[in-house]
Amino acid sequence: MEVFNKYLYQVGTSVSQTVSQLSGVLPGNPVTREYESSAHIASAGPGLLWKIYKGVKRSTKQEASIFVFEKRQLEKWNKHDRELVLESLKHGVQQLTKIRHPQVLTVQHSLEESRDSLAFATEPVFASLANVLGETINMPQPANMSDYKFFDIEIKYGMLQIAEGLQFLHNDVKLLHKNICPESIVINNAGVWKIFGLDFCIHNTNPANQPANFPFQDFSPTLPNVCQPNLNYLAPECVLSQNHSTASDMFSLGMLAYTLHSPGKQCLSPVRDLQQFKTRALQFKNFSSPKLQSIPDDLREFVKLLLNITPEIRPDAHQFIKIPYFDDVGIKTLTYLDSLLQWDNLQKSQFYKGLPEALKKLPHRVKLQRVLSCVVRDLGQSTMVPFILPSIFEIAHDCSKEEYKAFVLPHLKPIMKLIEPIQILLIMLQKMELLLKLTPAEDIQLHVLPMLYRGLDSDSPQIHELCLLVLPTFAGLLDHGNVKNSLLPRIKKLCLSTSTLSVRVNCLLCVGKLLEHLDKWLVLDEVLPFLPQIPSREPAVLMGILGIYKIAMNHKKLGISKEIMATRILPFLIPLCIENGLTLAQFNAITSVVKEMFQAVESEHRTKLEQLNSVKDEEKILASTMPSMTHPVKAVELEDDLTTLRLESSVLNSRNPAPAPSMSIEQKQAMARHQESLKMFNNQPNRESKKILSPCAAQPKDLTSSLSNSDFGDFLSSSPAPLNNNLRQLTGGSFTNNVTNANYRPNSTFQPLTPNINQNFSPWMSNQPQNSAFRAQQTQNWSALDNLLPVNLNSAANKTPMNQIGGSQIPLIPQAPSNASNNNQLSKSDLLDFLN
C-alpha cells in the first residue's frame, strides 16, 4: 500500500507538467468539450502507445480516464505503416466501445480524432498491468512502479477476472481476443483487472448454432510490431499451423500466469522475432514441470495444461474458473461483492453480516481498493447502512489518516447526517474512538459533533448513554461557544427530564469529566446552579453531584469562592446528609465534603478578618506616629479682643449681679504689690505687640481667669529675654481661648485680676537688674492696652492712660464701697464706654 500511495503522490506532483503537455495535444479534440484532463498516470495498449490521463466529466464531475494517442508518435514509421497503426488503434477502441461487461474496460466517451490526436474516455484507471510489472514506456516521470508488489490474492483474483472476461468473449460475444498480455490488461481504481486492447480481435463467422470459426490472419514480419499480437504471449499454432481458436487465448492466459509468478516478472523464454518464436514453439513439445516451480502447487498443473502445444488439451475459460485454486474465502468474498447488484436486500444483509470477519483475511490494499468500492454502492439505501457500516469501519481500522481522509471519510459524511434508522448512530458511537483518531479536527466540528448533538436529542436511552460516554473524548476539541450554546444546555435538559437513572448518572459523570476543560465562569454560571434542580435523590445521583462539587472545589483552575460555598452549596449539601438510602460510605463522603467546604469558608474568612484588623492597627500606629496638626488660628487685634472680653464679662455681670466683696488686709497688700509691678512693667521698652494669635482653647474665660491661669511663674523666672518674645509667650499662654467659642458659659462671674498678677510678676521684678539702661528699655508705649484702664463712671473721657498708670495711686480695678448694694453693676453707659 505504501508503493501505491507513493505512486499517487508522484502522479500528483506532475499535474502541472502534464497540463502543459496536454495543452499542446488535446486542443481541438472533441473529448475536451466534455472532459477536463489533469495528470498523466499510465500507458496501455499495443506498444503502450496510449497515454492515460486522469479526468473529470465537466457536467457531472464524475471521475474518468482519458486515453490519448499523439500522432507525432507515428513519425518513426513510413506513411503506409502509419495508416496501419492508426487503423489498428481505431479498430480496437471501436470494438471495446461495443462491449459491456464487468471484466471488460468500460468506455464512457467514444473515440474522437483531431489533427494531432486520438482520444476517448473510460472509467477511472489506475494503470496497465504492464506498467505495474515494470514497463514504463509513455509513463510519467519520475514515476516508477517497479516496486509495486501484488498480493497473492490480487494475482489469484485478477486471473479469475480475466478468465471470466474471456469466457464472456468466447461464449457470449463469439470473439477471439488474440492478444492477451500485460499491455492489454488494465487495472481500474477499484483494483479490478479488465480486458483492453481489442486491436487484433477476430469475430466468429459461423452461425450461432454452429461451432465458432475465426478467420485466420497470418503474422507478417514486415508489419510494425504494434500492428500485430505480442509474440511473447502468442500461441504456437498461430504461427506453426496458421490456425487459431479460443484455446489460443487460453495459452496466452497460461503464459500470463507464469509471468505473474516468475521472479523477474518475465514470460517463459522471451522472443524478439518470428524465428525465435518458432524455436520456442518446438520446445513446448517437450515442456517439463520443473520450469514452473515458481507457480503455486494448486495452480502449477493447470498452467502446464494451458501451455501445452496441443490446443485441445488446454482447459477452456469455464473449466479454468472452476479449478480448486480459486476455491478460497477471499476469492469467494470478492466474487460475491461483484455479484451484489444481482441480489435483493435480504441476501445482501445476510452477506454483509459476515463480511467483517472475511475482511480480516484480506490485505489492506484489497480492502481499500476493491471491497470499499463495492460496499459503498449500497449506501444510498438507508436501510442497508447499518449492515454496511461495520465493514467500512473494519477497512478504516488499518487506514492511515491520509488514506482515511481520501477514501473512507467522503462516504461517511453523508451517513453522519442520517437520523433513521437509529442503529446508524449507535454504530457510529460505538466506533467513536476510531473516528476521533482518524477524522481531521475541522471535520469533527462540522460532522461528528452535530451527530452527537442529534444523539442527545433522540429518544433512545441507549443512544443517550453512548453519547455521554464518548463526549469527554471531545473535550480538547470543544470551543467555548459550542459548550455554552449547544452541549451544556442539552446535557442539562437531558439530566432534568430523563426518567432513566443510568442516563441521569451518566449526565453527571459526563459533566464531571468535562469540568477541567471548561471556563471557571461557565462552571459557576451554568453547571453549579442546575445541580440543586435535579429532581432525584438516589444515592448514585447524589454521588455524581458530590463528585462535581469536589472537582470544582479542588481543581486549581476552577475553585469555588467562600461566598458560593456558604450561600449556595452548603445549604444544599447539608440536608443531603440525612437522605434515606445512603450507605455509611456515601454518608461519610458527603459529610467529608461538607466539612472540607466549611473549613475552607472558615479559614478564608478568618484570614480576611485578620487582614482587616491588621490594616486597622497599622492605621492607628501610623496616625500616632504622625505630627499633630493644629487648625490655623485667626490673628485679631489685642485691643479688640480685650475690648470684646471686657464687654462680655460686663454683660455677664449685669445679667448675674453679685454683691461687691469686701477686701481683706491681705488683698490690699496684694493690690499694692500689683501696683509696684505695673510700675516696673511700664518701664519696659516699647514693643510692637499689638496683634496676637486668636485663642483656640476649648472653653472661653474672662480676662481675670485667663491671666491668673497663665504660667507667669515659669515665664518670669526665666533668664531675661526680649520682652516681645516673652509677651508672645505670655499672651499665648494667657489668651488661648476665643471669646466667641460655643462653650462659653454666660453665668461665669468676673474674677479679680490683681492678686494673680501680683503673685506672678513679683518674682520676676525682684530678679530684674535696676540699672538705668534696663529702665530705659522698659519705657514702652502701652496705649494699645488703654481699654484695660479703670474709668470714671461718670465720663468715658476720664480714662487713665496706660503710660501713667505707674505713677497713679488709682487701683487697676476700682473697689466698690462696702455699703454699696447694686452699684457694682455696669450700666448701659458703661457698656458704651467699653465699646468706644
Is the side chain of [X] donor-acceptor paired with the backbone N or O of [Y] at a distance under 3.5 Å, no angle test?
| X | Y | result |
| --- | --- | --- |
| S65 | V125 | yes |
| Q342 | S339 | no |
| R100 | V107 | yes |
| E112 | V31 | no |
| H40 | N138 | yes |
| N179 | C201 | no |
| S38 | K54 | yes |
| N131 | S43 | yes |
| N29 | T32 | no |
| H177 | G197 | yes |

Next on the checklist: For H203 and Q95, which I'm curious about, is there any donor-acceptor pair between the side chains at under 3.5 Å?
Outcome noted: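 There is such a pair (donor and acceptor under 3.5 Å, judged by atom type) between the side chains of H203 and Q95.
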Next on the checklist: Less than 3.5 Å apart, any donor N or O on the side chain of H170 or D249 sitting next to an acceptor on the other?
Outcome noted: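 Per modelled atom types, H170 and D249 side chains form a pair under 3.5 Å.
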Heavy-atom side-chain proximity of [X] to [Y] below 4.5 angstrom:
| X | Y | value |
| --- | --- | --- |
| L105 | E123 | yes |
| N232 | Q266 | no |
| L340 | L337 | yes |
| E183 | E135 | yes |
| P296 | H261 | yes |
| I415 | L412 | yes |
| F387 | K353 | yes |
| F168 | I99 | yes |

So which atom in [X] and which in [Y] form the shortest heavy-atom distance, rounded to 0.1 Å?
| X | Y | value |
| --- | --- | --- |
| V104 | K194 | O-CD, 3.8 Å |
| D199 | S88 | OD2-O, 3.0 Å |
| L111 | W50 | CD1-CH2, 4.0 Å |
| K348 | Q381 | NZ-NE2, 4.2 Å |
| Q108 | Q62 | NE2-NE2, 3.9 Å |
| Q161 | V192 | NE2-CG1, 3.2 Å |

For the atom pair [atom1] ([X]) and [atom2] ([Y]), what is the distance rounded to the nearest 0.5 Å?
| X | Y | atom1 | atom2 | value |
| --- | --- | --- | --- | --- |
| E83 | H80 | CD | NE2 | 8.5 Å |
| E164 | T335 | CD | OG1 | 6.5 Å |
| L198 | K178 | CG | NZ | 13.5 Å |
| I422 | I424 | CD1 | CD1 | 9.0 Å |
| E357 | T333 | CD | OG1 | 11.0 Å |
| Q350 | Y336 | CD | OH | 13.0 Å |

Enclosure of [X] [atom1] (heavy-atom neighbours >12, cutoff 6.0 Å):
| X | atom1 | value |
| --- | --- | --- |
| K431 | NZ | no |
| K413 | NZ | yes |
| D457 | CG | yes |
| E63 | CD | no |
| R115 | CZ | no |
| K265 | NZ | yes |
| H318 | NE2 | no |
| E442 | CD | yes |

Item to check | Validation row, ring centre F320 to ring centre F326 under 6.0 Å | outcome: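 They qualify: ring centres under 6.0 Å apart.
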Next on the checklist: For W77, give me all partners under ring-ring contact (aromatic ring centres under 6.0 Å, His included), at least two apart in sequence or on another chain.
Outcome noted: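 Listed in chain order: nothing, the list is empty.
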Next on the checklist: Determine whether T259 and S262 satisfy the following criterion, side-chain hydrogen bond (donor to acceptor under 3.5 Å, both in side chains), listing intermediate values before the conclusion.
Outcome noted: CA-CA 5 Å; T259 302; S262 65; 5.5 Å; no
Item to check | Check against side chain to side chain contact (heavy atoms under 4.5 Å, CB included), Y35 and H109 | outcome: CA-CA 9 Å; Y35 291 87; H109 189 90; 3.6 Å; yes
Next on the checklist: I need the single residue from V375, D398, V371 that forms a side chain to side chain contact (heavy atoms under 4.5 Å, CB included) with L359. Which is it?
Outcome noted: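 Considering V375, D398, V371, a side chain to side chain contact (heavy atoms under 4.5 Å, CB included) with L359 is found only for V371.
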Checklist outcome for this item: Exactly one candidate in L466, I427, L452 meets side chain to side chain contact (heavy atoms under 4.5 Å, CB included) with M432; the answer is L452
Item to check | side chain to side chain contact (heavy atoms under 4.5 Å, CB included) between I180 and F251, intermediate numbers included | outcome: CA-CA 9 Å; I180 296 296; F251 178 91; over 6 Å; no
Checklist entry - Run the side chain to side chain contact (heavy atoms under 4.5 Å, CB included) check on V408 and L438 step by step: do they pass? => result CA-CA 10 Å; V408 181; L438 299 175; over 6 Å; no
Checklist entry - Any Lys/Arg nitrogen of E113 or K71 sitting under 4.0 Å from an Asp/Glu carboxylate oxygen of the other? => result yes
Checklist entry - Could you go step by step and tell me if L129 and L256 meet the side chain to side chain contact (heavy atoms under 4.5 Å, CB included) rule? => result CA-CA 10 Å; L129 182 59; L256 179 65; 3.7 Å; yes
Checklist entry - Taking the six-membered ring for Trp, are F120 and F67 parallel (under 30°), tilted (30 to 60°) or perpendicular (over 60°)? => result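 The arrangement is parallel - the two ring planes meet at less than 30°.
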